[in-house]
Asker: 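Sharing a structure here in structure tokens format.
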Protein chains: 2
Amino acid sequence: MARNSQAARITKSRAGIRPRPGRTRSGNGSVHNDLMNDEIGLDALAGHAGYAVRRFQIWIFQDFIRTLAAVDIRPTQYSVMTVIGANPGLSQMAVAKRLGIERARLVHLLDSLEHRDLVSRIKSATDRRSHALHLTARGRTALAQFKRLAAEHERHVAEKIGKENRERLLQILSAFT
Amino acid sequence: MARNSQAARITKSRAGIRPRPGRTRSGNGSVHNDLMNDEIGLDALAGHAGYAVRRFQIWIFQDFIRTLAAVDIRPTQYSVMTVIGANPGLSQMAVAKRLGIERARLVHLLDSLEHRDLVSRIKSATDRRSHALHLTARGRTALAQFKRLAAEHERHVAEKIGKENRERLLQILSAFT
DNA sequence: TATTGTTATACTCTATAACTATA
DNA sequence: TATAGTTATAGAGTATAACAATA
């Protein structure tokens, strides 16, 4: 699933040119006449940050999901539990705003976490419209494990792009957190 | 929709602490008791590249869609047209593999571009299973305009994160293109 | 009147599976 | 048997709108 992960060299020089299809041998040994992946120029795409960011985001989420597959936690669920764990008592609106999730979607996310006894909604005494969100005892224990696995995922990221590059990236994008 | 765009300061020091809700005044002047966005600590999330990358990707795609709204072209449509324009005659499989799009999804993307007379499928003479993809005359003219608008979008990115940071980002993520 | 949580709808995107026509 | 294109389905994720309870 991690296509192109090793294909760092981009043949920009051939962009815009119609290369003659070379008879080549692909990874699994099959013979075909198609252009190989790294023979297909990206043209203007190579200069767009959004394209690279999208490809990277897909890779990183797939690695996160794979690394936390045993505990069945996805990136958004992890982010919700982490924020509630660090700020118990938050309302659903506050969590949704902080993480940039639609409040309508957070309803379903919390339903699933509540059914798994990881999070609980407690009626607010001061504003009876809102719920104060807390981790359950089970949720606190589980989150500690999730964080260990997420740290392992983060090491995969560092291996992939380099320790220093990862830190530079975090710094460059700090305005978006 | 660009929440937190200016909120560069993160109060990591308060993460894990339950701050007393301060009576504060939000941007639109309404008074409330909730934690303000930058009072809510991200805890472990602040150290995860994936979280920042996801937030950035959302911002960048929204800006792209907004900047190209007049021509009704979305990021994926742009990437498909750009690759076909630079490599005419590619098969659907080749485009799908190169861009990391499911071949099933590319079918619908091409349907819409073909209906708008921007792309055409031409039956391959050598392999009658596959289609050779080309831009139409209208597609070539349109793509030139799309590229001008996309370059404008790219300037927005440079303004947002800084010219040098944008270039560093492209370099760091070059392995994913 | 406005806000919180909720329900519902629609559209995009990702991930599969299965079908057809070719190879 | 395998591959290219297609159709279909299901689940995330995004974007809205509307409603009840409450402020």
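Letters A, B, ... are given to chains in the order of the sequence lines, protein chains preceding strands, and every chain is numbered from 1. Computed from a predicted model, the values in this text were never measured in an experiment.
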Asker: May I ask you to evaluate whether A:Q62 reaches the phosphate of C:dA15, defined as a side-chain N or O under 4.0 Å from OP1 or OP2?
Answerer: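 Yes.
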Asker: Using OP1 and OP2 only, check whether a side-chain N or O of B:T76 sits under 4.0 Å from C:dT12.
Answerer: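 Negative; the distance criterion is not met.
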Asker: If the plane angle is over 60° it's perpendicular, under 30° parallel, otherwise tilted; pick one for B:W59 and B:F56.
Answerer: parallel
Asker: In terms of the nearest nucleotide of DNA chain C, which residue is placed more toward the 5' end: A:I58 or A:L110?
Answerer: A:L110
Asker: Under 4.0 Å: is that the gap between some side-chain N or O of B:R74 and OP1 or OP2 of C:dC13?
Answerer: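 For C:dC13, OP1/OP2 do have a side-chain N/O of B:R74 under 4.0 Å.
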Asker: Please tell me if B:R121 has a side-chain N or O lying less than 4.0 Å from either OP1 or OP2 of D:dT6.
Answerer: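 Checking B:R121 against D:dT6: at least one side-chain N or O falls below 4.0 Å of OP1 or OP2.
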Asker: NZ of A:K97 to CG of A:L90: how many Å apart, nearest 0.5 Å?
Answerer: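 A:K97 NZ to A:L90 CG: 12.0 Å, rounded to 0.5 Å.
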Asker: Mind checking what makes side chain to side chain donor-acceptor pair (under 3.5 Å) contact with B:D111, not counting sequence neighbours?
Answerer: B:R121
Asker: Anything under 3.5 Å between a protein N or O and an N or O of nucleotides 20-23 of chain D, put it in a table, one pair a line.
Answerer:
from, atom 1, to, atom 2, distance (Å)
D:dT22, OP1, A:R128, NH2, 3.4
D:dA23, OP1, A:R128, N, 2.9

Asker: Any idea which of C:dT14, D:dG5, C:dA8 is nearest the A:A104 side chain?
Answerer: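 Among the listed nucleotides, the one closest to the side chain of A:A104 is C:dA8.
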Asker: So with a 6.0 Å cut-off around CD of B:Q171, is the heavy-atom count from everything else above 12?
Answerer: no
Asker: Locate the shortest heavy-atom distance separating A:I40 from B:R98; write the atom from each residue and the value.
Answerer: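 Where A:I40 meets B:R98 most closely, the heavy atoms are O-NE, 3.0 Å.
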Asker: Nearest to the B:V107 side chain among C:dT6, C:dT7, D:dT7, which nucleotide is it?
Answerer: D:dT7
Asker: Looking at C:dT6, I'd like to know if its phosphate oxygens (OP1 or OP2) sit under 4.0 Å from a side-chain N or O belonging to A:Q92.
Answerer: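 So the side-chain polar atoms of A:Q92 do come within 4.0 Å of the phosphate oxygens OP1 or OP2 of C:dT6, strictly under.
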Asker: If we only count heavy atoms from C-beta on, is the B:Q77 to B:L118 side-chain gap below 4.5 Å?
Answerer: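 When only atoms from C-beta onward are counted, B:L118 and B:Q77 do not touch, as no gap falls below 4.5 Å.
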